[in-house]
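Working notes for the structure below.
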Amino acid sequence: MGQCMSMSIEKGRISKNQLALLIANTILATVILYTPSLLAKEAGQDAWVAVILAALVGLMPGTLLVFLGLRFPEKNMVEYSIDLLGPWAGRLVGLAFGLALLYIASYVVREFGGLLVNDVMPETPLIAFNLVIVVLAAYGVYLGLETFARVNELIFPLFVIILLVIVASAVPSMDLMQLQPAFRHALPDLFKGALLLDNFYFEGAVILMLFPYLRHPERGLPIIYQVSLLLFLPIMAVVIGVLALFGPEETARMVFPVYELAKTVRLAGFLEHIESLVVGIWVTTASLKLMVLYYAGVLILAQCCNLKDYRPLVVPVAFILIALSVFDFTSSFQVRNFLSSIYLLTFIFFLGIPLLLYLVSLFKPSLKGRDD
Amino acid sequence: MKVVAVILTGLLVAFVQLPKLAGAELQKERWAFVITLVLGVGLAAAVAANWPLPQPHRYLEMLNHAIIRLLHSL
């Protein structure tokens with residue numbers, strides 16, 4: 001068909017661990033900021049149960065994504081959707097997926113600016129922060145997958161360690177009785193909380209665009225378990241920490257509970273205001289998350305237009321991201337509300353599209369692994 | 001003033017990038033670049049000029065609710 005161009009577009013190759021860390025960072029960067037309050041709103045003091053349910057439920061779509069990737073180890077999602085659905089429908093599906101990723105990228109930019117304007121530098125205009133992060137991400141995307149995968153390999157472990165240290169530092173002020181009475185919420189509430197969290201997990205569907213750039217894509221199956229483990233511990237620690245510190249009602253009212261948690265830390269009577277550390281690590285991880293989404297988005301656009309290189313689209317798309325991040329949401333609270341209500345569409349884009357492709361691939365077995 | 005700044009930035013980007021895409025084999029890349037740049041700069045200029053643009057998240061929320069209603073009716 002002549003559409004197999006990923007080899008010429010992306011030359012870099014990444015390892016299995018680098019991909020697992022990239023996906024984990026893509027999910028965790030937003031989850032850590034917003035979900036403790038969203039979960040507390042839905043499941044109260046039982047939010048930690050919702051985290052366990054989300055991890056179990058999330059494994060199924062995660063496995064589907066990896067299985068789909070394994071069926072076409074040499075191709076990315078746009079290439080095999082063209083093979084499976086034909087050039088027009090395949091491109092349309094690819095484009096929908098790419099636009100969804102770029103839209104998520106735009107509200108990551110908004111979240112970034114929102115946190116900094118609300119809690120750190122209230123007198124600086126939002127556009128200044130949004131501009132800085134998009135320019136940084138554009139530079140990373142321009143350099144290519146291998147570059148930001150390596151940076152992420154260094155940053156992500158540091159992010160998790162610092163996060164766990166911050167939560168551990170707040171332990172003296174915590175009251176685990178705030179998690180009592182346990183199992184008070186009905187199963188549907190807990191599942192609603194779990195689905196909210198899975199809504200963010202589904203952003204990991206970006207893996208479909210990165211899978212063929214693994215050094216050994218055929219050995220990619222363990223990635224799903226690596227990502228699940230990498231996500232479970234920090235999310236659980238943060239959710240329990242925030243609930244035990246503030247209680248479910250107060251947590252549900254907050255926009256950025258982790259930031260509030262860090263504000264309460266006071267170590268050895270002199271070490272305080274470590275919330276700047278939270279901002280520091282979050283700025284880095286949000287940039288890397290933005291790079292992944294931005295990269296996958298422009299790669300999809302380039303492939304849908306049959307281009308030889310995605311780089312000509314990087315700077316123009318930066319204008320769109322900045323503009324969208326400024327006018328789409330008027331406050332961080334609006335972003336939070338949007339994230340708590342939009343899960344059905346996320347399911348359609350990030351679970352429905354891969355599921356459709358997987359089912360079609362089962363009926364067209366002759367296409368499996370076919371090399372154009 | 002902001003609108004002028006946005007348009008000037010767009011022109012600067014075009015001035016830097018277009019010569020790199022001048023080859024005949026990069027015809028498609030050049031057009032894709034120009035079209036996305038015009039879209040991006042136009043959108044950014046409209047935001048800078050405080051035009052009342054529709055907020056995409058509202059439409060997505062409406063679509064989400066419509067799907068939920070549809071599922072309930074089934």
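Chain naming here is simple, since letters A, B, ... match the order of the sequence lines and numbering starts at 1 in each.
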| note | Turns out that what part of B/Ile68 lies under 4.5 Å from chain A's heavy atoms comes down to both
| message | Counting only non-hydrogen atoms closer than 4.5 Å, does A/Leu321 touch chain B with its backbone (N, CA, C, O), its side chain (CB onward), both, or neither? | response | neither
| field | Top of B/Leu39, B/Val6, B/Thr9, B/Asn50 for chain A proximity - count of heavy-atom pairs under 4.5 angstrom | value | B/Thr9
| Does any heavy atom of chain A fall under 4.5 Å from the side chain of B/Leu43, the backbone, both, or neither of them? | both
| field | Contact origin within A/Ser106 toward chain B - heavy atom pairs under 4.5 Å | value | neither
| task | Decide if the gap between the ring center of A/Tyr201 and the ring center of A/Phe350 is smaller than 6.0 angstrom. | result | no
| request: Can you measure from CG (A/Leu313) to CG (A/Leu299) and round to the nearest 0.5 angstrom? | output: 10.0 Å
| Contact origin within B/Val41 toward chain A - heavy atom pairs under 4.5 Å | both
| said: If we define contacts as heavy-atom pairs under 4.5 Å, which of B/Arg58, B/Lys28, B/Lys20, B/Glu29 has the most with chain A? | reply: B/Glu29
| message | With rounding to the nearest 0.5 angstrom, report the CG to CG distance, B/Leu60 to B/Asn64. | response | 8.5 Å
| query | So, A/Phe349 versus A/Phe97, ring centres under 6.0 angstrom or not? | reply | no
| said: Is A/Tyr103 in contact with chain B via its backbone, its side chain, both, or neither, using a 4.5 Å heavy-atom distance? | reply: side chain
| task | State which residues pass salt bridge (Lys or Arg N to Asp or Glu O under 4.0 Å) with A/Asp309; sequence neighbours excluded, sorted by chain then number. | result | A/Arg311
| field | Exercise: identify the closest heavy-atom pair between A/Gln303 and A/Met209 | value | OE1-CE, 3.8 Å
| query | Take atom OH in A/Tyr139; do more than 12 heavy atoms of anything else shown fall under 6.0 Å from it? | reply | no
| request: Heavy atoms only, distances under 4.5 angstrom: which of B/Glu61, B/His65, B/Gln17 has the most pairs with chain A? Name it, please. | output: B/Glu61
